[in-house]
Amino acid sequence: MHNIKEIRTDFDYFKNQLKSRNIDVDIDKIKELDETNRKYIQKKEALESEKKDISKSKDESLFKRSKEISKELETITNEQKQIKSELDKILSNIPNIPHKDVPIGDNENDNVEISKSGNIPSFDFKPKTHYELGEKLNMLDFDLATKTTGSRFVFVKDKLALLERALSNFMLDKHVLTNGYKEISPPLIASENTMYGTGQLPKFENDQFEIKFDENTDRKFLIPTAEVILTNIVKDKIVDLKQLPMRFVASTPCFRKEAGSYGKDTKGMIRQHQFYKVELVSIVEIDKCLDELERMTNCATGILDDLGLPYRKMILCSGDMGFSAEKTYDIEVWLPSENKYREISSCSSCSSFQATRMKTRYKNNNKETLHVGTLNGSGLAVGRTLIAVMENYQQSDGSIVIPEKLRPYMNNLEKISSN
RNA sequence: GGAGAGAUGGCUGAGCGGUUGAAAGCACCGGUCUUGAAAACCGGCAAAGGGGCAACUCUUUCCUGGGUUCGAAUCCCAGUCUCUCCGCCA
């Protein structure tokens with residue numbers, strides 16, 4: 001959410017900054033609503049002030065006037081509220097402004113590679129896809145999931161289930177023990193307001209699974225990522241400067257409708273309605289955002305280094321970034337069966353964009369009240385890491401060697417094979 | 001599901017129709033004292049929004065939304081949430 005006070009200082013500048021995102025803002029409408037809103041506020045405050053004076057004076061001859069004011073106030077307040085909510089509606093649908101470092105571009109083709117790491121494995125046989133491997137091992141079952149649930153779900157069984165759990169535990173341990181994150185086991189359901197805070201609502205309602213509750217309570221949603229619930233830990237708070245930075249990690253299932261991706265990655269478990277992800281969230285002083293982004297990204301790539309998986313680091317172009325981000329690095333892991341890199345982590349700085357929505361502030365040393373900076377990143381997507389391990393560590397006989405760092409998490413199992 | 005109790009500033013907690021943006025304590029910040037620290041003492045300390053170049057000033061906010069009243073943190077109604085006891089259950 002953008003601060004109207006800042007927009008007001010230079011409307012055209014604001015409009016231009018969003019052009020790189022292919023967003024065309026109706027700036028005249030915003031300007032007009034803002035001015036009308038403030039006019040109403042002024043009228044309102046004048047009347048309120050008069051009313052206040054009357055009640056202080058306790059002068060009975062003025063009581064009649066006071067009643068009139070109350071009536072006037074009612075209509076003015078209603079109009080003011082309506083204007084304000086119209087303005088807020090427009091503002092809440094405008095994405096964050098890209099940082100200067102971000103390359104200008106339209107879509108994923110304009111993302112820029114920053115670095116490559118690890119050795120791409122060579123096979124003296126044709127590498128199989130993860131779903132071929134998994135089905136042959138009898139440890140991935142898509143048909144069964146279709147029967148019990150529907151498309152884009154999967155049963156992970158036996159040693160692959162163990163591998164999935166091991167990955168999650170390994171990542172958590174690393175982030176907690178060496179990267180300084182605090183482990184959280186959060187609710188997997190978020191309220192409407194929480195979803196608004198991180199920017200999933202109102203614009204992306206179609207991607208969310210809404211939960212039906214019996215009572216007429218607030219709307220509730222399954223979290224599409226732990227980012228939602230972890231970031232909102234500090235919602236509506238003025239946090240103590242000494243508590244910053246705050247770093248949280250959680251391993252949770254994530255639920256996404258994947259609306260609009262019909263026909264994309266329909267085979268295998270690349271794109272599912274439900275998947276596990278280890279998520280990193282940082283709450284920092286506003287001027288520490290970009291440093292924290294580098295740190296966080298290194299925490300994510302550190303996992304891939306440990307697992308011996310080849311990857312590359314990309315910076316997303318302005319047109320490909322998420323709604324709340326000012327700057328995003330994607331980490332892409334090598335998938336032999338596709339002979340290309342696929343996203344396994346996305347780390348973003350959201351500057352004060354989410355904090356403004358959540359009303360999360362802190363006081364700096366000058367006693368100014370500022371919105372915090374928020375960051376989130378996958379460390380890593382567990383489902384996709386499972387795929388990457390399977391494909392990169394596959395053997396000609398269809399078995400899968402376990403990366404050494406994971407073995408302690410798997411009863412020292414060295415290899416997954418049939419039977 | 002049945003019966004009660006409550007929701008006030010960063011936290012604890014008073015107030016129960018008018019000078020209460022709100023006592024007191026804690027925390028925090030500044031100062032005195034001290035070789036330094038602690039203690040003690042003195043002082044400061046809410047947020048959001050509007051107006052103003054500024055000094056400054058105005059408005060709103062005591063869970064949310066209505067109502068009564070010239071005037072509501074305080075009275076009435078509805079809702080949300082939390083806690084305690086009983087029942088049920090992982």
Side-chain angles (χ1 to χ4, degrees), chain A residues 1-11 30-92 185-197 210-221 229 232-246 253 283 285-286 352-372:
Chain A
M1 182 78 147
H2 298 286
N3 191 338
I4 184 67
K5 279 166 99 174
E6 282 165 30
I7 298 174
R8 198 184 291 148
T9 58
D10 193 339
F11 286 100
I30 293 176
K31 203 170 178 175
E32 186 204 313
L33 286 171
D34 179 46
E35 278 165 11
T36 318
N37 177 235
R38 282 187 293 155
K39 240 174 241 159
Y40 277 126
I41 289 174
Q42 285 170 40
K43 268 194 215 167
K44 202 173 104 176
E45 289 186 352
L47 288 173
E48 279 167 344
S49 190
E50 190 184 342
K51 191 175 159 185
K52 214 174 178 179
D53 286 342
I54 293 176
S55 86
K56 263 187 192 161
S57 73
K58 299 182 195 173
D59 180 348
E60 284 185 39
S61 67
L62 294 172
F63 287 175
K64 198 174 146 228
R65 170 66 187 147
S66 183
K67 278 203 161 181
E68 283 168 20
I69 291 174
S70 296
K71 278 205 178 124
E72 276 180 69
L73 270 175
E74 201 174 322
T75 47
I76 289 181
T77 304
N78 281 338
E79 284 173 76
Q80 192 268 124
K81 271 187 186 165
Q82 203 198 318
I83 297 288
K84 183 65 169 43
S85 77
E86 202 178 326
L87 179 61
D88 283 344
K89 196 178 164 193
I90 292 173
L91 292 180
S92 61
S185 176
L188 305 179
I189 293 174
S191 68
E192 184 174 14
N193 183 261
T194 294
M195 295 284 279
Y196 174 84
E210 183 167 2
I211 299 287
K212 261 193 185 163
F213 270 60
D214 294 337
E215 310 292 328
N216 295 328
T217 50
D218 286 350
R219 299 172 72 193
K220 311 258 192 240
F221 299 83
I229 206 89
N232 275 284
I233 286 175
V234 292
K235 180 171 74 160
D236 289 320
K237 275 193 92 148
I238 299 181
V239 298
D240 194 335
L241 181 60
K242 283 182 197 148
Q243 291 183 316
L244 300 178
M246 296 166 94
I283 313 294
E285 291 172 65
I286 191 64
S352 60
F353 188 83
Q354 294 179 322
T356 309
R357 291 175 160 248
M358 296 189 299
K359 300 182 174 60
T360 307
R361 293 144 293 166
Y362 69 104
K363 283 193 181 166
N364 67 8
N365 286 321
N366 296 328
K367 294 201 169 180
E368 296 165 304
T369 308
L370 301 172
H371 286 107
V372 298

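All values reported here derive from a predicted model rather than from experimental measurement. All values below were derived from every heavy atom in this structure, side-chain atoms included, with hydrogens, water molecules and symmetry-related copies excluded. Below, chain A is the first sequence line, B the second, and so on; all start at residue 1.
- Looking at A:Leu47 and A:Glu50, their side chains come closer than 4.5 Å, going by heavy atoms from C-beta outward.
- Rounded to whole Å, the distance from CD1 on A:Ile69 to C1' on B:U69 is 15 Å.
- A 3.5 Å limit on both hydrogen-bonding distances identifies B:C86 as the Watson-Crick or G-U partner of B:G1.
- In this structure, A:Ile76 places its CD1 atom 14 Å from C1' of B:U59, rounding to the nearest Å.
- Among the protein residues, A:Lys51 comes within range of the sugar-phosphate backbone only, with heavy atoms under 4.0 Å from sugar or phosphate atoms but none that close to a base.
- Among the heavy atoms of the strands lying under 4.0 Å from A:Ser55 is at least one base atom, whether or not backbone atoms are also near.
- Taking side-chain N and O atoms only, A:Lys52 has a distance below 4.0 Å to OP1 or OP2 of B:U60.
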Pair A:Thr75-A:Lys71, side-chain contact (heavy atoms from CB on, under 4.5 Å): steps then yes or no: CA-CA 7 Å; A:Thr75 47; A:Lys71 278 205 178 124; over 6 Å; no
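- Base pairing of B:U35: no nucleotide in any strand meets the Watson-Crick or G-U wobble criterion (both distances under 3.5 Å).
- Across every strand in view, B:C53 sits unpaired, with no contact that passes the Watson-Crick or G-U test at under 3.5 angstrom.
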Verdict with reasoning, A:Arg8 to A:Arg38, per side-chain contact (heavy atoms from CB on, under 4.5 Å): CA-CA 12 Å; A:Arg8 198 184 291 148; A:Arg38 282 187 293 155; 3.5 Å; yes
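- Remark on RNA chain B: of its neighbouring residues A:Lys67 and A:Lys242, the 5'-side contact belongs to A:Lys242, judged by nearest-heavy-atom nucleotide.
- Annotation: side chain of A:Asn37 is in contact with side chain of A:Gln80 (closest heavy-atom distance under 4.5 Å).
- When the C1' atom is compared between B:A24 and B:A78, the two are found 35 Å apart, to the nearest whole Å.
- Contact record, A:Leu241 with A:Tyr362: CD1-CD1, 3.8 Å, taken as the closest heavy-atom pair.
- Nucleic acid contact class of A:Lys359 (heavy atoms, under 4.0 Å, all strands): none.
- For B:C76 and B:A90, the P atoms lie 42 Å apart once the distance is rounded to whole Å.
- Rounding to the nearest 0.5 Å places CG of A:Asn193 at 12.5 Å from CZ of A:Arg219.
- In this structure, the ring of A:His2 has its center less than 6.0 angstrom from the ring center of A:Phe353.
- Straight-line distance between the C1' atoms of B:C63 and B:C83: roughly 15 Å, to the nearest whole Å.
- Summarising the geometry, the separation between CD on A:Glu50 and P on B:C70 is reported as 16 Å, rounded to the nearest angstrom.
- Here the CD atom belonging to A:Glu72 is positioned 10.5 Å from the OG1 atom belonging to A:Thr77, to the nearest 0.5 angstrom.
- For the pair A:Ser49 (side chain) and A:Glu45 (backbone), a donor-acceptor distance under 3.5 Å is absent.
- Base pairing of B:A24 is made with B:U12, judged by Watson-Crick or G-U wobble geometry with both donor-acceptor distances under 3.5 Å.
- Nucleotide B:G71 holds its P atom 10 Å from the CD1 atom of A:Ile54, rounded to whole Å.
- Rounded to whole Å, the P atom of B:A48 lies 15 Å from the corresponding atom of B:G9.
- Comparing B:G25 with B:C89, their C1' atoms sit 43 Å apart, to the nearest whole Å.
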Contact pattern, 5' to 3', of nucleotides 44-51 of chain B - B, S or - by protein heavy atom under 4.0 Å: --SSSBBS
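- With P as the reference atom, B:G10 and B:A47 are 8 Å apart, rounded to whole Å.
- Considering every non-hydrogen atom in both A:Asn232 and A:Thr194, the closest pair reads ND2-O, 2.9 Å.
- If you check B:A48 for Watson-Crick or wobble pairing at under 3.5 angstrom, you find it paired to B:U59.
- In this structure, A:Leu73 atom CG and B:C70 atom C1' are separated by 14 Å, rounded to whole Å.
- Base pairing of B:G6: its partner is B:C81, meeting the Watson-Crick or G-U wobble criterion (both donor-acceptor distances under 3.5 Å).
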Which pairs, protein N/O on one side and nucleotides 6-9 of chain B N/O on the other, fall under 3.5 Å?
none

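- Using a 4.0 Å heavy-atom criterion, one finds that A:Lys237 contacts no nucleic acid atom at all.
- In this structure, B:A73 forms no base pair with any nucleotide, since neither Watson-Crick nor G-U wobble geometry is met with both distances under 3.5 Å.
- Going from atom CD of A:Gln243 over to atom P of B:C28 covers 13 Å, rounded to whole Å.
- Using atom P as the reference point in both B:G1 and B:U68, the two lie 33 Å apart (nearest Å).
- Taking atom CG of A:Asn37 as the reference point, atom C1' of B:U60 lies 14 Å away to the nearest angstrom.
- Protein atom CE of A:Met246 is 15 Å distant from nucleotide atom P of B:G10, rounded to whole Å.
- Using a cut-off of 4.0 Å between Lys/Arg side-chain N and Asp/Glu carboxylate O, A:Lys89 and A:Glu86 are scored as not salt-bridged.
- Taking CE of A:Met246 as the reference point, atom OG1 of A:Thr360 lies at 9.5 Å (rounded to 0.5 Å).
- Look at the C1' atom in both B:A46 and B:U20: the space between them is 14 Å, to the nearest Å.
- Taking for each of A:Ser70 and A:Lys56 the nucleotide of RNA chain B with the nearest heavy atom, the 5'-most of the two is the partner of A:Lys56.
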